Every structure is written in C-alpha cells, then in structure tokens.
Amino acid sequence: MNICIIGLGYIGLPTAAMFATHGHNVLGIDVNQKVIDALNKGKIIIEEPNLEETVNTAVKNGSLRAAMEPEESDAFIICVPTPIKPDKTADLTYVEEGIRKILPYLKKGNIIILESTSPPGTTRDFIGSILKEAGFVPGEDVYLAYCPERVLPGRILIELKENSRVVGGINEESAHVVKKLYESFVRGEIYISEATTAEMCKLMENTYRDVNIALANELAMLCEKMGVNAWDVIKYANKHPRVNLHMPGPGVGGHCIAVDPWFIVEKQPERAKIINLARNTNDGMPHYVFEKIKDLTKNVEGKIKVCILGITYKPNVDDMRESPVIELIHLLNEQGGFETVVVDNHVNFEGSKERDVYTAAKDAHLLVLAVNHNEFKELDIPRLKNIMKCPVVFDTRNYWAADAFEKNGMEYHLLGWGRNKS
Ligand code: SAJ
C-alpha cells in the first residue's frame, strides 16, 4: 500500500519506519526541512534506540522517503502534536493543517487515520466535518478511524510492535480496514472500537495514572502532618492483592500524563471533578516542595544556596517537557530569592548548572534530590558533609536511606515523612 504519514516526530517517524520495513511504500511529510533532509539520507535527528538503523534500511531499499508536500496515496496517517493552550484546552491547529494538506490528494476509497492524542470527538466531529466540507462522506467515500499509540520513549520500536492497541472507526468497516493495515507490523492484539470511545480510552489511560499519582501526593501531604511515613503506607497497602497506590513526588511531567486529562476536562468541566482536582493537586506539588524547602532553610541567614539533583520529568531520560522541577527552580529563584545550582547531565538547559555533584553542593545549605537518575544513587556522603554549609538533604523520591546520611552526621528529610514535623 502507498502510505503518507503527516508529522515525522517521536511517533510519526517510527511508525513510518515500521510500515516501510513491513511491505509498504511510505512518504513522510514534515514542516521541518532538517527532518526531511536527514530522513532522505537515512538519518534521524531524535534519539531512539535502533530507529536510525530501521530508517536507514527502509530509505536504502526505496520504501521510505520524505517531502514537504503529500502525494496521492491509499492511506493518510496524521501524527502531529496536539499541544495544550494556556487556557488548558487542546490546540488542534496542527491536526487541522494536516487534514487540509491532504485534501487535494484525497480520492474515494482512501483511508484516513488520526494517531495524535486528541479530545473526544476530534475524529468524528472535527475531522469528519472538514472532510464533509470537502465533499467526502466519512465512512462511505473514505474510511476514517482513530488509532492511538501506547509507546514509551526508549522502547518505541519494540512497543509499537508488541503492545496491543485500540482502533476506533467512525463505522465498523473503517475500523476493520485500519486494523488490517496495522496488522502488517503489530504483533499485539488490535481491538476494534468506535472513534470517540478510542479517543476517550487513550485519554483515560494517562488520566488513570494522573489521578492515582495525585492520590499518592495527597497521602504524602497528609502523612507529613501525622508523623507517618507515606512510603511505608504505600509499600504495605500494595501488599493487598487489589491495591496499587502510586508514588508521590515533586509533581507530574512529560507531554502525556500532565496534559491529556485536560482534554477531558475541557469537554465537561462541571462533571470532570476528580480529574480536574487531581490535575491541580499534581500541578501544585512544585509549590508544596518549595514551601518545604523554605521551611528546611528557615534558620539560615543571608543568601541560601540550594543544590538540586535532576531536572528532567522522570529518571534516566533526556526529556524536560513539562518537568515540575523547572517550576520548582523558578519558584526558588524568583519568589524565594534562593541561589540554585542544578546537576543533570542528561540534558542541556539554560541556567546555573554544574556537571559534578560535589562542585554544585559546595557551600550549599540544602541538597534536594528532585529526579532519581541512576547516577545519584551512590553518593560520597562524608564528602558532602564536609563541603556543604549545612549538612541537610531533602529526598523527594524516597531514593536514599535515612541511615546512610544520619550515621555520617547529616540531616535527612523525605517528602511524605512527617517524623521531623510532628
Ligand atoms: N510519576 C509520579 N509517581 C508515579 C509515577 C509517575 O510522580 O507513581 C511522575 C513521573 O515522575 C513523571 C510523570 O509522573 O513526572 C509521568 O511519568 P510516566 O513514566 O508515568 O509516564 P510517561 O508520561 O513517560 O508515559 C505515559 C505512559 N502512559 C501510561 O503509563 C498510562 C505511556 O505508556 C504512554 O504511551 C505515554 O504516557 C503517552 O504517550 O501517552
């Protein structure tokens, strides 16, 4: 089949490479000339294991190429970003541009698939009405379906192949045709459903995690006032066969879990109460951690230096999108008047940073573990004690053992553990 994929980002590019190495002819479309030039040379500009090799193989055997303009094809797949606007609603500009771009090349019998995470109704109502305006009856003249991905960065090629997925057609025929297409490389189960159901399903997968993380964060805040260790509560509660409490932390980041729940809230704000509250609870965590840091350093006179370990949105990735640590640093610098120094060698970022933990921690009044990157697990604690102005650490991830610090004469504080508070 001739397939045209609009958007060659974290999802579009690997999807294009998979189709192109499983018997199809793929044309990738992007607005970024650099992406196009790289692909046509068999190269990529993002980091993802084995992706460059797969792209290279497909480009060499002629089954994958990239351009700015689409061409007539059998199937069109939209994989563009759906960012969030400042008013917390989805920005569908790229989806609309993508659809309008393919209209001149659309013929009866073509397949149109949306992969981008989108508010419920986007496929059936938003895309459906653009197609109708252009003279195509969705489901009759063209097949139309929503088919979201479920992959984790770092494992994209493996998970594209192995994970199950849901195809939501605007009618049954559309769903079946799209299922058949994805079966060319997907080994996981492909479930057939309806378009808006599949959109809601994608959003709820991430909302489930967001709400459960908010519950863990609320538990952490409750425990601090009770002299209880929330991490112990979670550990023992999770021994129950039907309980899976999530982990507290300084907030929720990434481009999925911190964003997708808003796409549900925007549709029915008065009903989506738990989802809205969970989002706000998680969004409030950097501020809560900021208040804790103020409290832990309240006896220091003059400029207070805080050393922060980690700035990415989760451990061992090179991704800072929506990271709650960025907001924490902003609060510390702007509202708190603190001097902050950050250590995170996974990413390049603006601001005061050091490559080495001990250079950064020199003369600091507090050391905060914000992201539990592997390299922060084993620290030279006696050395920290010697170089810091106040030998105090604040662990927001339950990554370190209190004992290890206390036996070396350092003060250890843990988010969600109220022993020093009560
Ligand atoms: N976090 C906590 N406590 C926890 C778990 C996570 O505070 O118990 C925080 C992390 O620190 C991080 C954020 O939540 O800041 C999100 O991290 P994550 O690893 O849970 O999720 P993502 O955003 O990297 O990937 C998710 C995945 N979705 C689910 O697990 C339901 C992935 O499978 C999806 O493909 C991806 O979103 C997506 O694209 O939707």
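As the structure lists them, so they are numbered: ligands from 1, and atoms in each ligand from 1. In this text, all values refer to a predicted model and were calculated from it rather than measured experimentally.
- From the protein, the heavy atom lying nearest to atom 10 (C) of ligand 1 is Y313 O, 3.9 Å.
- Taking 4.0 Å as the cut-off between side-chain N and carboxylate O, R124 and E199 do not count as a salt-bridged pair.
- If you number the atoms of ligand 1 from 1 as listed, the ones under 4.0 Å from a heavy atom of R150 come out as 35 (O).
- Heavy atoms from other residues, nucleotides or ligands lying under 6.0 Å from CD of E291 number more than 12.
- Aromatic pair F405/W400: ring centres closer than 6.0 Å.
- With salt bridges taken as basic N to acidic carboxylate O contacts below 4.0 Å, one links R65 and E71.
- A 4.5 Å side-chain heavy-atom check between K88 and E266 finds every atom pair outside the cut-off.
- Of the protein's non-hydrogen atoms, R209 CD, 3.1 Å is the one closest to atom 30 (O) of ligand 1.
- Of the protein's non-hydrogen atoms, the one nearest atom 28 (N) of ligand 1 is N206 OD1, 2.8 Å.
- Residue contacts with ligand 1: K202 is included, with a non-hydrogen atom under 4.0 Å away.
- For the pair P120/L203, a side-chain contact is recorded, criterion being any heavy-atom separation below 4.5 Å from C-beta on.
- Using a 4.0 Å cut-off to heavy atoms of E205, the atoms of ligand 1 that qualify are 31 (C).
- The side-chain heavy atoms of V252 and R279, taken from C-beta on, include a pair separated by under 4.5 Å.
- Ring pair F290/H287 is perpendicular by interplanar angle, where above 60° counts as perpendicular and below 30° as parallel.
- Among protein heavy atoms, atom 1 (N) of ligand 1 sits closest to I213 CD1, 3.5 Å.
- When only non-hydrogen protein atoms are considered, atom 19 (O) of ligand 1 lies nearest to K314 NZ, 2.9 Å.
- Every atom of ligand 1 is numbered from 1 in the order shown, and the set under 4.0 Å from a heavy atom of R397 is 11 (O).
- Counting non-hydrogen atoms of neighbouring residues, nucleotides and ligands closer than 6.0 angstrom, the OH atom of Y94 reaches no more than 12 such neighbours.
- At under 3.5 Å, not a single nitrogen or oxygen of V252, backbone or side chain, sits near a nitrogen or oxygen of ligand 1.
- Between the side chains of N163 and E159, at least one donor N or O sits under 3.5 Å from an acceptor N or O.
- The closest approach between a heavy atom of G254 and any atom of ligand 1 is not below 4.0 Å.
- When each atom of ligand 1 is checked for a heavy atom of H246 under 4.0 Å away, the hits are 8 (O).
- Regarding atom 34 (C) of ligand 1, its nearest protein heavy-atom neighbour is V151 O, 3.9 Å.
- Of all protein heavy atoms, the one closest to atom 25 (O) of ligand 1 is L152 CD1, 3.7 Å.
- The closest approach between E149 and ligand 1 falls below 4.0 Å for a heavy atom of the residue.
- Residue-environment remark: CD (Q33) exceeds the threshold of 12 foreign heavy atoms within 6.0 Å.
- Nearest protein heavy-atom contact of atom 38 (C) of ligand 1 is C256 SG, 2.8 Å.
- The shortest N/O to N/O separation between M247 and ligand 1 falls below 3.5 Å.
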